[in-house]
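Input: a single structure, listed below in structure tokens.
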Amino acid sequence: MTQVIRRRTPRPMNIETVQRWVVSAILFHVGSVPAVTLAVYSIGVAGDDFGKGIGLWLMSGVIGVLTAVGILAIHRRRLVSAWLLPGILPTAVTGFFIF
């Protein structure tokens with residue numbers, strides 16, 4: 001008995017979809033690194049100067065939300081959705097240590 005091996009023909013990839021995912025990955029990295037860095041750094045600064053620590057902490061939230069909004073806009077989704085919550089995740093976690 002001979003076994004027949006069938007090969008799947010690959011579906012053509014839409015270049016626009018690939019471009020959206022690549023730009024989203026770049027935006028996620030560019031936006032999340034400063035948001036997480038500011039959130040973590042605000043813990044140490046808040047110990048010495050509470051006002052500056054809160055300012056850094058709030059800026060991390062703004063950067064995180066703007067990053068999430070940018071990714072939603074790239075994929076043409078509604079800008080106000082539950083996907084904004086991961087944008088404020090670093091701010092929410094470090095808020096526990098600041099307050």
Side-chain angles (χ1 to χ4, degrees):
M1 297 208 159
T2 306
Q3 190 176 20
V4 177
I5 299 174
R6 294 184 184 179
R7 293 186 181 190
R8 281 183 24 196
T9 57
R11 287 191 271 169
M13 184 67 86
N14 187 359
I15 190 71
E16 188 175 317
T17 304
V18 174
Q19 288 173 342
R20 282 185 186 159
W21 281 103
V22 168
V23 171
S24 295
I26 292 170
L27 180 61
F28 176 76
H29 180 72
V30 169
S32 65
V33 168
V36 171
T37 303
L38 283 174
V40 172
Y41 188 65
S42 67
I43 296 171
V45 173
D48 298 331
D49 188 3
F50 191 71
K52 288 182 182 178
I54 294 299
L56 292 173
W57 182 69
L58 289 175
M59 283 307 299
S60 73
V62 169
I63 292 172
V65 167
L66 288 177
T67 301
V69 166
I71 292 172
L72 289 171
I74 288 170
H75 288 282
R76 297 180 184 163
R77 306 280 187 201
R78 290 183 323 145
L79 298 182
V80 179
S81 70
W83 285 105
L84 293 179
L85 294 177
I88 60 169
L89 188 64
T91 306
V93 170
T94 56
F96 175 76
F97 296 103
I98 291 176
F99 298 107

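In this text, all values refer to a predicted model and were calculated from it rather than measured experimentally.
With values rounded to the nearest 0.5 angstrom, Leu66 atom CG is found 8.0 Å from Met59 atom CE.
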Identify every side-chain donor-acceptor pair in residues 80-97 under 3.5 Å, counting partners at least two apart or on other chains, and give the distances.
unit_1	atom_1	unit_2	atom_2	d
Ser81	OG	Trp83	N	3.3
Thr91	OG1	Ser60	OG	3.0
Thr91	OG1	Gly61	N	3.0
Thr94	OG1	Trp57	NE1	3.3
Thr94	OG1	Pro90	O	2.9
Thr94	OG1	Thr91	O	3.4

Review item, side-chain donor-acceptor pairs of residues 22-32, under 3.5 Å, at least two apart:
unit_1	atom_1	unit_2	atom_2	d
Ser24	OG	Arg20	O	2.8
Ser24	OG	His75	NE2	2.8
Ser32	OG	Phe28	O	2.6

Donor-acceptor contacts, no H, no angles, side chain residues 39-56, under 3.5 Å, sequence neighbours left out:
unit_1	atom_1	unit_2	atom_2	d
Ser42	OG	Leu38	O	3.4
Ser42	OG	Ala39	O	2.6

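Here salt bridge (Lys or Arg N to Asp or Glu O under 4.0 Å) pairs that include residues 53-76, with residues two or more places apart or in two chains, are Glu16-Arg76. Sequence neighbours left out, not one pair with a member in residues 62-71 passes side chain to side chain donor-acceptor pair (under 3.5 Å).
Both Ile98 and Leu58 belong to a single network of hydrophobic side chains, linked directly or stepwise wherever heavy atoms of I, L, V, M, F, W or Y lie under 4.5 Å apart.
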